[in-house]
Every structure is written in C-alpha cells, then in structure tokens.
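Below: one structure, written as structure tokens.
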Amino acid sequence: MPMADPLAAYGKLQAAFSADVKSEENQILLGQVFEASLRFLSKADRTPLKSLVPDKEYFAFAAGKKLFRAVNKGLFVPELAEWEAFRKAIAGNRAPNIDSDRITRIIYSVAVTFFCFIDLTKDGDQKTPGTFFEYLIGHLFAWRLGVNPKTRLPVLNLDMEATLPTDFIFDLGPNRAKFHLPIKVSTRERVIQVWAHQRVLNGVYGTGRFLGTPVILTETKTDKKKQEVIEICLPDQWRIYQMHIAQLKRIYYLDVPASYAKLNEVFPPLSVKPFGHFFAEADTLPT
DNA sequence: TCCTAAGTCTATGGCTCAAC
DNA sequence: GTTGAGCCATAGACTTAGGA
C-alpha cells in the first residue's frame, strides 16, 4: 500500500521538486503527503499543553509517555478538503478569492501534519521536516510568481569566484522584482543569517534589487517535563538588524509569535505578517 | 557513471544570566 | 523563585567532491 505511506509520497515529491519547482505535480504530491500523514495521525493520542503564550492554545501528539512538538490548536485544520479548496482558489496564479487567514491555517496544517508524522516515526530527525517545509513554501512561491527559483547566486569579487547559497531566489526577469526567500521552520538566533544574506545581496546587486521575504513556521518551544509552550523571540535584536544590517520587506509566519507581531507598531518598520497574506499581496509587494 | 566519505545545514532541548 | 532573552551542543539528513 504505497500511497498510504507518507514517506513514499515524500520521496516522489523530492524527485518532482528537483525536476520542476513550480509544477502542478508538486501540489498533487503535497496533497498526498498531507492525506497520508493525516491518516497516520488520526490514530495518534493527543495531550493538551499549558500555553504560556497569550491567546494561543497548544496540544502535542503523544506516544506512550513521549511528547512531540507543540501544535497550535487554532491553526490546525486536519482536513484534506481544505487543501483541495485552497488548490482550487490558487489555480489561476493570481490573487485568490479565499480568506488570507484561512490560507495560513491550511498551509500550517499541511506542514505540521507531516512534521508530526516524522516526529512519531523517526528519532531526532530535524532535517526532513525542514526540507519538506522548503518544498511546500518554495513551490507555493514559484506557483504564485510563475517562475522557478535559484538556490545560489554568484557573488562577484575582483579576486575570487564564489556563490552565496540561499534557500531560494526568484527572478521575475529584467526590470522586475527579485525575491530573496529564506524558508525556516524556526529561526531563534540563527535568524541573523537572513539579514546577513540580504546585506550581501544589497552590496553586490544594489539595495532594493532583492526583496527579502523570509517565511518561518513558528518560534515555539515545548518544555516536555512541564508540558508548557513558550515562544523564543529576540525582538530587540531584530530591530537592530533591521536598522543596521539590511531591510527585509516582509517576514511571514504561519504561527506569528506574539512579540514579533508587536514590531509592526514600532520603529524601524518591520512588517511581520501571517503567510496567507502573501497570496493577495504578491503582485503589489515590489511597489 | 556510481559510490563513499567528508563537510554542511538544520531544528531543537537544555542551559546560563540578568532583572525583578 | 520566576521570567525573558539569548547561547550552545547535538544528531540526523542532505550535498558535494573525488576516486574507482
């Protein structure tokens, strides 16, 4: 029963993604991974977690005494029909007629469902969820923008030839926008790399040529002994980076951390939004 | 072209430290 | 003692280079 296995679908997705990031086949395979992971998780136990984040509730899938990553209850919609509805809405590659927050919930659910499947079936695997998240967001960006990404850019220098490895770079063509798209499940202090890459791109190609639009899932951390969930954030560091290293155009989250949402209201300008908004604003971002 | 080893990248839990 | 902010170690997946 190969189709019942999320890993089999994931393997096909890997192959399809490396052949063509924006192809519709990826969407079909993402749906298969979602469906198979949902089926697996439908039998799994759930444990409610104590949320120390205001206005958010979390639970975790459990196996015996073992607890896995926190899942945001308000964002988790374990329904394949929602993914199908989303696919229908974005079929035209334009601003879709579907509520942005509903998109955020759907994409969050597709990602987290597979992550939890990996948590339950593999020990200590952090790479596979990260790569899957790249496939998911990378494809959606490529689909919406209509171009395939590059993953490394030549960085010109008089004395050396080197390339900058980035998650994804989307080039819409001459005189049009270029997107710098780092994709992370969580960043914590590693977020500095995103600003550093943006600074390099500004220096080599000119400030403003590349729009930095990182997409991050969440910044939660689960204390498995106390069964508590917190968000690990560095808001003051972010403000310093945005002022003194480079400017990021948007920072998209699937589960926007409370203290980062507040950065929308203070100086310097730092626009932190739920990911679903990208679909509506993709065409107007460069302006 | 295939295989293997070395190197890189990644997310996460546990930890420190300072302020209160 | 508690909390927020940030640091560090770690292990597995993935990528790349080089040899056969």
Side-chain angles (χ1 to χ4, degrees), chain A residues 6-19 21 33 47 49-54 56 58 60-62 65-72 108 111-138 149-154 161-169 181-197 200 214-242 245 253-255 257-263 266 270:
Chain A
L7 279 183
Y10 176 73
K12 285 186 189 171
L13 175 64
Q14 273 183 309
F17 190 88
S18 60
V21 175
V33 172
T47 302
L49 298 171
K50 183 182 172 195
S51 170
L52 303 184
V53 186
K56 292 187 188 179
Y58 292 91
F61 288 101
K65 283 189 178 172
K66 223 171 171 191
L67 269 185
F68 300 97
R69 75 184 65 213
V71 178
N72 185 318
Y108 177 87
V112 161
T113 303
F114 181 72
F115 294 179
C116 291
F117 162 75
I118 293 291
D119 287 348
L120 282 157
T121 54
K122 287 196 181 183
D123 202 16
D125 181 358
Q126 293 161 337
K127 184 72 175 173
T128 307
T131 308
F132 176 74
F133 194 55
E134 277 185 24
Y135 295 158
L136 175 62
I137 303 299
K150 297 189 182 107
T151 57
R152 51 181 61 238
L153 271 189
E161 263 185 48
T163 56
L164 178 72
T166 60
D167 283 353
F168 293 113
I169 293 289
L181 175 66
I183 301 171
K184 314 280 174 196
V185 175
S186 74
T187 69
R188 306 202 182 175
E189 74 281 6
R190 291 173 287 107
V191 78
I192 183 71
Q193 191 195 50
V194 175
W195 266 281
H197 280 181
V200 172
V215 179
I216 307 159
L217 185 86
T218 180
E219 300 289 358
T220 55
K221 171 179 165 160
T222 312
D223 186 322
K224 285 170 182 169
K225 278 186 201 149
K226 295 192 209 161
Q227 304 198 350
E228 287 175 354
V229 182
I230 59 168
E231 286 178 332
I232 298 200
C233 297
L234 304 74
D236 289 342
Q237 297 303 303
W238 275 35
R239 296 175 67 193
I240 292 168
Y241 300 159
Q242 182 79 353
I245 299 180
Y253 270 95
L254 274 303
D255 182 5
S259 67
Y260 288 159
K262 290 182 194 151
L263 293 176
V266 296
L270 235 172

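Below, each value reflects all heavy atoms present in this structure, side chains not excepted, and no hydrogens, waters or symmetry copies. In what follows, every chain begins at residue 1, and chains take the letters A, B, ... in the order their sequences are listed.
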What protein N or O atoms touch nucleotides 5-8 of chain B N or O atoms at under 3.5 angstrom, if any, and at what distances?
none

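- Between the base of B:dA11 and the side chain of A:Arg188 there is no donor-acceptor pair shorter than 3.5 Å.
- Side-chain proximity of A:Lys221 to the nucleotides C:dA13, B:dA11, B:dG14 is greatest for B:dG14.
- In this model, the phosphate group of C:dC14 is approached by a side-chain N or O of A:Tyr10 to a distance below 4.0 Å at OP1 or OP2.
- Here A:Lys50 pairs with A:Leu52, A:Glu228 under the side chain to side chain contact (heavy atoms under 4.5 Å, CB included) rule; sequence neighbours left out.
- Taking A:Phe133 as the reference, nothing meets the ring-ring contact (aromatic ring centres under 6.0 Å, His included) condition, with sequence neighbours excluded.
- For the segment residues 228-240 of chain A, the set of residues with a heavy atom within less than 4.0 Å of an atom of DNA chain B is empty.
- Every residue two or more places apart in sequence or in another chain that forms a side chain to side chain donor-acceptor pair (under 3.5 Å) with A:Gln242 is listed here: A:Trp195.
- Contacts of A:Phe68 classified as ring-ring contact (aromatic ring centres under 6.0 Å, His included), with partners at least two apart in sequence or in another chain: none.
- A sub-4.0 Å separation between OP1 or OP2 of B:dT10 and a side-chain N or O of A:Lys184 is present.
- Of the residues in residues 111-120 of chain A, not one places a heavy atom less than 4.0 Å from an atom of DNA chain C.
- OP1 or OP2 of B:dT12 has at least one side-chain nitrogen or oxygen of A:Ser186 nearer than 4.0 Å.
- For A:Tyr58, there are no ring-ring contact (aromatic ring centres under 6.0 Å, His included) partners at least two apart in sequence or on another chain.
- Within the structure, every side-chain polar atom (N or O) of A:Gln126 is placed at least 4.0 Å from both OP1 and OP2 of B:dG13.
- Evaluation of the side chain to side chain donor-acceptor pair (under 3.5 Å) rule for A:Thr128 yields A:Asp125 as partners, not counting sequence neighbours.
- Test A:Val229, A:Ile118, A:Asp119, A:Val112 against A:Arg69 for side-chain contact (heavy atoms from CB on, under 4.5 Å) and you get one pass: A:Asp119.
- Across all strands, A:Thr131 comes closer than 4.0 Å only to sugar-phosphate atoms, never to a base (heavy-atom distances).
- For the side chain to side chain contact (heavy atoms under 4.5 Å, CB included) test, residues two or more places apart in sequence or in another chain that qualify with A:Arg190 are A:Ser186.
- Mapping A:Lys122 and A:Leu52 onto DNA chain C by nearest heavy atom places A:Leu52 closer to the 5' end of the strand.
- With no hydrogens or angles considered, a side-chain donor-acceptor pair links A:Thr187 and A:Glu219 at under 3.5 Å.
- Put simply, NZ on A:Lys50 is 12 Å from C1' on C:dT3, counting in whole angstrom units.
- Residues meeting the side chain to side chain donor-acceptor pair (under 3.5 Å) test with A:Tyr10, sequence neighbours left out: none.
- The interatomic distance linking A:Leu67 (CG) with B:dT12 (C1') rounds to 15 Å, in whole Å.
- Looking at residues two or more places apart in sequence or on another chain, you find a side chain to side chain donor-acceptor pair (under 3.5 Å) between A:Glu231 and A:Lys56.
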